[in-house]
Amino acid sequence: MDYQKILDEIYDEIQPELKRGKVADYIPALAEVEKGQFAMSLTLEDGSVYSVGESKKRFSIQSISKVYTFVLALDIYSKKLYRRVGIEPSGNPFNSLVQLEYENGIPRNPFINAGAIAITDALISHYEDEYKTLEVIMNFIREISNNKELSFDQRVAHSEMEHGDRNLALARLMKSFGNFENDVQGTVMTYFKHCAITMNTEELSRSMLFLAFGGKDPISKREFIDRSKAKRINAVMLTCGHYDASGEFAFFVGLPAKSGVGGGIAAIVPGEMSIAVWSPALNKYGNSHAGTLALEKFTTKTGLSIF
Ligand code: GLN
């Protein structure tokens with residue numbers, strides 16, 4: 001298949017959509033990002049990369065980082081992790097408090113904010129220190145990406161903390177139900193820091209390749225998680241990766257994927273490739289408007305989908 005031609009076509013077709021939607025403005029540092037930008041990259045099994053648009057420009061990966069922390073926590077805790085966080089789609093916005101109250105402080109899944117904060121908390125309990133935990137997360141991302149330069153943006157993390165009341169409230173609510181073990185402020189700050197990791201689409205697609213190949217990176221041949229756990233992570237990406245638009249995303253795109261409010265989406269085609277797309281303007285669910293459409297075009301043009 002001529003992937004470059006397909007990406008070039010998508011790039012042309014997507015232009016009228018780039019200004020539609022709204023950049024995330026509840027994190028002031030993200031509100032400054034200009035609309036109208038677009039990038040898309042694919043990484044194949046043999047390491048070949050195809051890109052279009054601003055694929056060297058780094059952006060805030062935000063909730064896509066929840067995939068990495070889920071991988072780490074599932075590897076450490078196995079089934080015990082599910083005592084603290086579920087695996088069902090929430091059908092609610094990513095930062096919703098109501099469901100958490102009804103369901104006794106157990107977040108529906110690892111990809112809504114409450115679930116990801118609970119996972120960060122579980123990692124801090126395991127590593128016994130927030131800074132050590134952040135270092136483990138960063139080192140893991142550098143290893144799966146084979147890129148020692150990856151880092152996070154302190155300014156974005158602090159900007160988010162200045163307006164972090166809702167996430168702090170989610171953490172406190174979990175604590176009131178006994179589903180929280182560490183210092184709330186420090187844990188939420190660690191969560192904000194991993195959300196503030198910056199990557200470009202080439203780096204992001206490279207980082208997800210191991211999940212397209214049963215947990216084993218086909219380039220370095222390193223197994224980062226066993227096949228059965230990789231299957232579960234991909235399943236949760238499919239059912240929960242786009243919050244209350246996960247059904248719609250599966251319907252139109254048909255791939256396990258995770259979005260972030262920075263406008264990025266990472267998707268995998270099992271046994272074939274990993275894909276990353278970025279366009280900062282979001283739809284009403286907080287997922288990249290043009291990014292979602294670009295992935296829909298990609299699976300339609302190539303016929304590559306899990307269905
Ligand atoms: N850091 C963001 C938040 O907590 C992540 C949300 C997202 O990307 N959907 O609100």
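The model shown is predicted, which means the values in this text are computed figures rather than measured ones. Atoms within a ligand are numbered from 1 in the order they appear, just like the ligands themselves. Computation of the quantities below employed the complete heavy-atom set of this structure, encompassing side-chain atoms and omitting hydrogens, waters and symmetry-equivalent molecules.
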ask   = How many angstroms lie between atom CG of Asn167 and atom OH of Tyr191, to the nearest 0.5 angstrom?
value = 5.0 Å
For [X], the ligand 1 atoms whose distance to one of its heavy atoms is below 4.0 Å:
X: Tyr243; answer: 7 (C), 9 (N)
X: Gln62; answer: 1 (N), 2 (C), 5 (C), 8 (O)
X: Cys195; answer: 1 (N)
X: Asn167; answer: 3 (C), 4 (O), 10 (O)
X: Ser63; answer: 5 (C), 6 (C), 7 (C), 8 (O), 9 (N)
X: Asn113; answer: 3 (C), 4 (O), 6 (C), 10 (O)
X: Gly260; answer: 8 (O)
X: Phe94; answer: 6 (C), 9 (N), 10 (O)

Heavy-atom closest contact (Ser60 atom, Cys195 atom, distance) =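 It is OG-O, 3.6 Å.
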ask   = What is the closest protein heavy atom to atom 10 (O) of ligand 1, and at what distance does it sit?
value =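 Closest protein heavy atom to atom 10 (O) of ligand 1: Tyr26 OH, 2.5 Å.
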key: Asn113 versus Lys66, side-chain donor and acceptor atoms under 3.5 Å   =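 Short answer, yes.
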request  = Give a yes-or-no answer on whether the side chains of Glu181 and Ser125 include a donor-acceptor pair shorter than 3.5 Å.
outcome  = yes
query = At under 4.0 Å between heavy atoms, which part of Asn95 makes contact with ligand 1: side chain, backbone, both or neither?
reply = neither
key: For ligand 1, the portion of Glu160 having any non-hydrogen atom under 4.0 Å away   =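 Just the side chain.
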Within the structure, does [X] bring an N/O atom to less than 3.5 angstrom of an N/O atom in ligand 1?
X: Tyr191; result: yes
X: Val261; result: yes
X: Lys66; result: no

task = Using the six-membered ring of Phe210, assess whether NZ or CZ of Lys216 lies under 6.0 Å from its centre and within 45 degrees of the ring axis.
result =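 No.
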Any side-chain heavy-atom pair of Asn287 and Tyr243 under 4.5 Å =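 Answer yes - side chains close enough.
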Salt-bridge present (Lys148, Glu143; N to O < 4.0 Å) = no
request  = Evaluate the ring planes of Trp278 and Phe59, with Trp represented by its six-membered ring, and classify them as parallel (under 30°), tilted (30 to 60°) or perpendicular (over 60°).
outcome  =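 Trp278 vs Phe59 ring planes: parallel.
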query = Under 6.0 Å between the ring centres of Phe111 and Phe70?
reply =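 Centroid separation for Phe111 and Phe70: below 6.0 Å.
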